[in-house]
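Worksheet: the structure to be examined is printed underneath.
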Amino acid sequence: MPTGFARLWTAQTVSSLGDGVSHAALPLLALTLTRDPMALAVVTAAGTLPWLLFGVLGGALVDRWDRRRTMWVMDAARAVLLAIPAAAAALDVLSIALLAAVAFLLGLGGLFFDTAATAYLPALLGRDPALLERANSRLRGAQTAMSGFAGPPAGSALLALGRAVPLLADAVSFTLSALLVRSLPALPRPVPEIRESLLRQARAGASYVFRDRLLLGLALRPAVGNIAFLAVETVLALFAHERLGIDTYGFGLLLTAEATGGLLGAGIASRLGRRLGTGTALTCTAAVEGLAILGLAAAPNPYVAGLALAVCGAAMGATMVLGPSLRQAIVPAHLMGRVASTSRMLAMCAAPLGAFLGGWLATTYDIRTPLYAAAGLLLAMTAVTASMTSNRRVEAALRAAAPAGGPDHPASREPARENAPDAL
């Protein structure tokens, strides 16, 4: 791995720790201001709105900008932004409206940072598929460990010291990340396209995803998966309490089991891809997710439920390494930001549908019904996308993405992809 990756990995690890702190602290801060469920929901939803409103346009902007500069500027801006609610908390003038605005702007900064990082990584690693899998495995593992394990309890503990403390801690994490990213090597920009309007460039990026069956299959998995997983998440606490007899502490352990599985899955993703082939591995992990949720729905006790969630987390962790790594290896650099943001936007738009579906099914039928529906949805998605992400199609795309002139040579762009045996 090039030395620059260690700095990028460290920056994202530090930033993920800060994210975990703020993800726990912001809802708890809101809870100190109001007990109105709708007001609390506004703060939570505000962080996802940027992806729904600006996802594709943000990707088009990232494809125009220098990716390294975009990353460190977004981190620096988020550090400054967090100083505002920290000062408001210290002065006792914090409000729900301010928290919602901060959550929205943090989400907007995250949109640009995440898209730029996704586009920067393949250029840093020379678009080598094996290196990309190793890199994404480490990045995903660090993100899970920091934002899933260390960050939330740290955020709760820091909040006990003062309402401004967790916000300042997150600001420090963004500052450190910005300094590390600023020290990364400057990489050549992709070959510039003919200057077009931002809207046309955004539309071209989205069209590139929908016209390519492999990329569409890779985008459908997290989109359909989010519908299923949010349907489960919406009722999971109630299911654990009513059906499994789990208290608040036990529910935390249940979520820890899922996160532990996620770490394991991220760690074995590359080995799984080498042994089965990336396409077959993605199909297998999708099927395992569906079967694990089915096992959770039928779990007779907390131990079986914890095992089912751990297995599901492992499959999700492997999927979230293999899918993005493949996308980074086959998409031309000048389109990487738009393709990544389009895929992420589809997944983010699907999440509210899943939450609504889970609540409606539980209210209309039974608390287990959302889990059975989610399992059926995941297994159906596996069957539909299996041929779209087959080993044969993956191998054809990798061959087309790496001709003699290189993936971003002017003669090796879309025509090479279009002539691939399974491109469409």
Side-chain angles (χ1 to χ4, degrees), residues 11-55 58 61 69-117 142-143 146-182 344 348 351-352 355:
Q12 293 211 24
T13 300
V14 171
S15 183
S16 293
L17 177 61
D19 285 343
V21 169
S22 62
H23 286 165
L26 281 178
L28 292 174
L29 277 172
L31 201 59
T32 66
L33 301 172
T34 180
R35 297 286 174 171
D36 181 0
M38 287 304 297
L40 298 175
V42 166
V43 175
T44 302
T48 65
L49 278 179
W51 284 101
L52 306 182
L53 299 177
F54 308 115
L61 286 170
R69 182 180 294 115
T70 300
M71 287 190 288
W72 73 259
V73 167
M74 288 301 112
D75 267 350
R78 286 186 286 179
V80 173
L81 173 66
L82 282 166
I84 298 173
L91 297 172
D92 202 24
V93 293
L94 195 63
S95 67
I96 290 293
L98 178 58
L99 284 179
V102 168
F104 177 84
L105 293 174
L106 286 175
L108 187 62
L111 184 159
F112 286 113
F113 181 94
D114 292 346
T115 304
Q143 182 184 23
M146 293 296 105
S147 64
F149 286 110
S156 300
L158 290 172
L159 188 61
L161 301 177
R163 294 197 298 175
V165 177
L167 299 172
L168 292 175
D170 198 10
V172 170
S173 77
F174 281 129
T175 302
L176 293 175
S177 177
L179 293 173
L180 286 165
V181 172
R182 183 69 178 81
R344 182 75 178 271
M348 296 296 287

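The first residue of the sequence shown is numbered 1, and numbering continues consecutively from there.
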Scanning both residues in full, the closest heavy-atom pair of Gly110 with Arg78 reads CA-NH1, 3.5 Å
Closest approach of Ala46 and Ala100, non-hydrogen atoms and distance?
CB-O, 3.3 Å
Roughly how far, to the nearest 0.5 Å, is CG of Leu94 from CD1 of Ile84?
12.0 Å
Find out whether Val14 and Leu17 are in side-chain contact, i.e. whether some heavy atom of one side chain is under 4.5 Å from a heavy atom of the other.
no
Taking every non-hydrogen atom, the tightest pair across Ala88 and Leu98:
CB-CD2, 3.6 Å
Let me check something: any side-chain donor-acceptor pairs from residues 163-181 under 3.5 Å, sequence neighbours excluded? List them with distances.
| from | atom 1 | to | atom 2 | distance (Å) |
| --- | --- | --- | --- | --- |
| Arg163 | NH2 | Asp92 | OD1 | 2.8 |
| Asp170 | OD1 | Ser173 | OG | 3.1 |
| Asp170 | OD2 | Ser22 | OG | 3.0 |
| Ser173 | OG | Asp170 | O | 2.7 |
| Thr175 | OG1 | Ala171 | O | 2.9 |
| Ser177 | OG | Ala11 | O | 3.4 |
| Ser177 | OG | Asp75 | OD2 | 2.5 |

Taking all atoms of both residues into account, what is the closest heavy-atom pair of Gln12 and Ala117, and its distance?
NE2-CB, 3.6 Å
Atom pair CG/CG of Leu81 and Leu106 - distance to nearest 0.5 Å
5.0 Å
All heavy atoms of Ala142 vs all of Thr13, minimum pair found to be CB-OG1, 3.3 Å
In this structure, CG of Leu99 is separated from OG1 of Thr32 (nearest 0.5 Å) by 7.5 Å
Gap separating the CZ atom of Phe112 from the OG1 atom of Thr70, nearest 0.5 angstrom
8.5 Å
Which pair of non-hydrogen atoms, one from Ser95 and one from Leu33, has the smallest distance, and what is that distance?
C-CD1, 3.7 Å
